[in-house]
Amino acid sequence: MSNVFDDIPFFDEEPEQRRASEPAAPPAAGGLGIAARAMAARDQNRAAPDYLSGLNPEQREAVETVDGPVLVLAGAGTGKTRVLTTRIAHILATGRAFPSQILAVTFTNKAAREMKERIGVLVGGAVEGMPWLGTFHSIGVKLLRRHAELAGLRSDFTILDTDDVIRLIKQLIQAEGLDDKRWPARQFAGMIDNWKNKGLTPKDIPEGDARAFANGKGRELYRAYQDRLKTLNACDFGDLLLHPIAIFRDHPDILKEYHAKFRYILVDEYQDTNTAQYMWLRLLAQRPKGVPQNVCCVGDDDQSIYGWRGAEVDNILRFEKDFLGARVIKLERNYRSTEHILGAAGHLIAHNEGRLGKTLFTDRSDPDDEKVQVHAAWDSEEEARAVGEEIERLQRGDADGKKHALNDMAILVRASFQMREFEDRFVTLGLNYRVVGGPRFYERLEIRDAMAYFRLVCQPADDLAFERIVNTPKRGLGDTTVRTLHDYARARDVPMLAAASEIIETDELKPKARKALFDVIQSFRNWQERLEKTPHIELAEQILEESGYTDMWKNDKSAEAPGRLENLKELIRSMEAFESMRGFLEHVSLVMDAEQNEDLDAVSIMTLHSAKGLEFDTVFLPGWEEGLFPHQRALDEGGRSGLEEERRLAYVGITRAKRRCHIWFVSNRRIHGLWQSTMPSRFLDELPAHHVDVAASESNYGGYGGRGGYGQSRFDKADPFANTYSTPGWKRAQANQTNATRDNWGTRSGHAVERIGYGENGPRGRTIEGELVAKSVAETPSQFTLGDRVFHIKFGNGNIAAIEGNKLTIDFDKAGQKRVLEGFVERV
DNA sequence: GTGTCATACGTTTTT
DNA sequence: CGTATGACAC
């Protein structure tokens with residue numbers, strides 16, 4: 001392997017120097033590089049390198065099958081990240097490539113960071129030497145900075161975030177003379193995003209799409225948007241992928257250089273790739289016949305939950321066709337969860353069609369392991385209360401004698417509005433919680449303002465930044481002045497800051513505005529001069545001081561003002577980690593998250609989507625009701641595939657749990673301000689009885705059980721007939737319970753034994769027995785008949801209009817037609 | 001330019 | 001029902 005690298009063009013500064021002074025192959029030992037350290041690690045034990053020990057056979061195969069295409073189907077909790085990082089370490093240790101010759105792509109910055117850290121641990125020391133490990137977007141930026149001119153940009157282009165994009169589009173819509181209320185900029189931004197996810201440029205978009213917006217001007221508007229970006233020397237997120245794709249396509253010589261450069265390619269979360277990312281990857285990974293395609297994609301089709309934003313599960317299903325001779329390795333040994341949790345999750349996901357079909361298993365089996373618990377509550381308030389109680393019980397340790405940390409518990413919801421009820425409850429309880437994934441640091445008003453100042457100093461052509469802060473703080477440069485300036489700039493095709501310098505020489509503006517504008521220009525000239533001389537942190541402070549921005553908040557007497565000032569300080573502090581203001585800006589445009597406080601012991605509350613990749617000892621999954629989960633809109637707009645994605649989301653939720661998983665559903669939930677009667681989720685029906693307990697004791701089926709004061713719901717207080725009322729559904733349900741199958745809403749299921757191992761039913765094996773509860777139609781006839789007059793606590797009196805098993809459709813006198821479980825009504 | 005009223009809307013989200 | 005955004009008046 002002596003001279004194989006000689007012909008490889010290097011683009012990295014570091015290897016470039018090395019090539020000039022040293023042999024091309026990675027240094028054997030003693031060097032400072034990551035490869036050298038890895039090789040040293042290998043040499044210590046030639047037979048079985050350290051880093052390979054402790055891998056199971058499949059993991060080891062995935063690590064050691066380094067040449068040729070490999071698809072690793074890694075189920076939840078099967079050591080996916082470990083495989084990826086070890087594989088990289090292996091490539092380095094065996095001297096197959098320099099760190100800079102490995103392209104490793106992730107979806108989130110967090111994943112990239114984690115991977116870097118873990119490779120560092122394996123190889124010893126920090127991983128400065130992996131310049132091409134990052135997100136699709138951060139690698140896209142890197143590529144684009146090098147070849148910007150081929151995309152009609154300068155290499156110092158700015159990256160716009162969604163907020164900038166929307167403001168820009170709004171301007172364009174108005175410029176077209178269109179009504180921006182009828183054609184919301186936000187919506188069009190979404191459309192552009194979707195097009196770009198599919199790799200479509202203005203000429204490629206379907207005629208129907210083009211017509212659907214702005215009186216048929218969709219395509220022109222998209223084109224105008226791209227033109228505007230070019231004049232602004234700016235990019236949106238989609239362009240970070242699309243521009244490189246276009247460059248690779250139009251310049252085969254450049255693509256060839258990268259082919260030579262990237263000897264090994266790895267992709268994480270492959271099931272989440274969209275069409276544009278797929279195109280990008282294929283361009284880089286596919287080689288002429290006979291040339292090895294060393295590409296390794298890792299993913300899990302069962303965890304594909306981003307179809308709605310353009311991810312194509314097909315990409316993973318199609319891998320073997322795209323890369324002929326691909327080795328497919330399944331990782332099914334789970335190191336995370338109990339067999340009950342895996343059993344429940346596996347049985348649920350088996351209801352999906354078109355899977356690649358994995359079955360997670362574990363050796364660990366402990367008779368003390370808790371089954372997955374299904375709980376019922378009357379309404380969402382009681383749900384929050386009961387979850388809070390369970391959390392406190394675990395915390396105190398009365399459940400199993402062990403005290404559990406709040407950090408090991410999480411509540412995973414389908415939609416963020418569900419969080420509020422939990423937050424309210426936890427505030428009253430004084431229970432620490434943390435909301436993960438909410439509004440982010442860099443999206444805050446004051447941070448965005450400050451960033452706009454910095455952006456404009458570094459990039460004088462950034463008109464969006466200019467418009468944002470030209471009158472913040474107030475300088476008497478109102479709408480009219482800005483519009484005049486805007487038109488002036490557009491007419492001459494120059495950036496607004498430059499136009500401002502010109503316009504103050506004319507008499508187009510009123511003297512007052514002219515003076516104010518002059519001061520702004522002077523300030524920016526000043527700061528720009530200091531950019532190279534002054535340390536960026538000092539400069540940042542000076543900018544915020546001299547512009548009057550910090551004063552603006554100091555003089556603000558509102559409650560948030562102190563917090564905003566604190567955030568600005570935090571912003572300055574976070575700049576310390578960067579060597580220049582430009583470096584910082586680049587980081588922020590790509591990494592919108594800020595670290596959470598890990599020291600505090602707190603329950604995590606987050607959406608199921610943001611829980612992917614995480615794990616907790618105890619997981620609470622509230623809101624398993626038809627319409628919410630699966631979500632009605634997913635059903636309406638996505639049909640069967642929409643339902644399957646919801647089911648995958650449920651699967652993701654359950655598999656986050658290591659030891660305990662509590663699922664909840666309620667009978668009444670407030671949706672859009674109105675109380676709605678809700679049906680238990682169909683996913684509950686799809687859980688295997690064998691691994692699930694229906695917990696009756698604590699909550700008394702939403703307060704209906706009436707055993708002791710504990711479960712008293714406000715229903716009991718509100719209704720004088722509560723006691724008599726508490727009988728029908730619940731008592732019948734209890735009477736119908738069989739030993740193995742506890743059946744919660746009065747439907748007799750009858751399947752006592754699970755006959756088919758979870759996951760063994762092939763793609764078409766839809767008949768799955770041993771479910772928790774039989775399907776909607778009950779085997780026992782309803783005690784009600786059509787036309788019966790009934791009473792419901794929330795909806796009052798009504799007549800039965802239809803009966804399906806235990807589900808009644810009732811025309812209520814006041815509340816209109818609703819579907820409710822028969823257990824919740826009483827004949828009058 | 002700021003504050004107040006009216007109206008619309010109401011999954012999931014990274015980069 | 002609650003929030004977020006926009007229009008309009010002061």
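Chain letters run A, B, ... following the sequence lines, proteins first and then strands; every chain starts at 1. All values derive from a computational prediction rather than experimental measurement.
The side-chain hydrogen bond (donor to acceptor under 3.5 Å, both in side chains) search around A/T472 returns none, not counting sequence neighbours.
Using a 4.0 Å heavy-atom cutoff across all strands shown, A/Q277 reaches no nucleic acid atom at all. Within 4.0 Å (heavy atoms only), A/R670 reaches sugar-phosphate atoms of the nucleic acid but no base atom.
With a glycosidic angle no further than 90° from 0, B/dT11 counts as syn.
In this structure, A/Y306 forms no aromatic stack with the base of B/dT12, since the conditions of centre separation below 5.5 Å and plane angle below 30° are not both met. Where stacking is scored as ring centres under 5.5 Å apart with planes under 30°, A/H609 does not register as stacked on the base of B/dT12.
Distances were taken from every side-chain heavy atom of A/K170 (C-beta onward) to each of C/dG6, B/dT15, B/dT12; the shortest belongs to C/dG6. Distance from the side chain of A/S610 is smallest for B/dT13 among the nucleotides B/dT15, B/dG1, B/dT13. The side chain of A/T162 lies closest to B/dT15, out of B/dT11, B/dT15, B/dT12. Of the listed nucleotides (B/dT12, B/dT2, B/dT15), B/dT2 has the atom at the smallest distance from the side chain of A/K474. The side chain of A/T108 lies closest to B/dT15 when the candidates are B/dT12, B/dG1, B/dT15.
No hydrogens or angles considered: a donor-acceptor pair under 3.5 Å links the side chains of A/E423 and A/Y433.
Nucleotides of DNA chain B nearest to A/N471 and A/W308 differ in position, and the one nearer the 5' end is that of A/N471.
Ring geometry for A/Y549 against A/W553 counts as perpendicular: the plane angle is over 60°, on a 0 to 90° scale with 30° as the lower cut.
In terms of phosphate contacts, A/N109 brings a side-chain nitrogen or oxygen within less than 4.0 Å of OP1 or OP2 of B/dT15.
The residues A/D462 and A/R468 are annotated as not salt-bridged, no charged nitrogen and carboxylate oxygen being separated by less than 4.0 angstrom.
When the C1' atom is used for both B/dT12 and C/dT5, the distance is 22 Å, rounded to whole Å.
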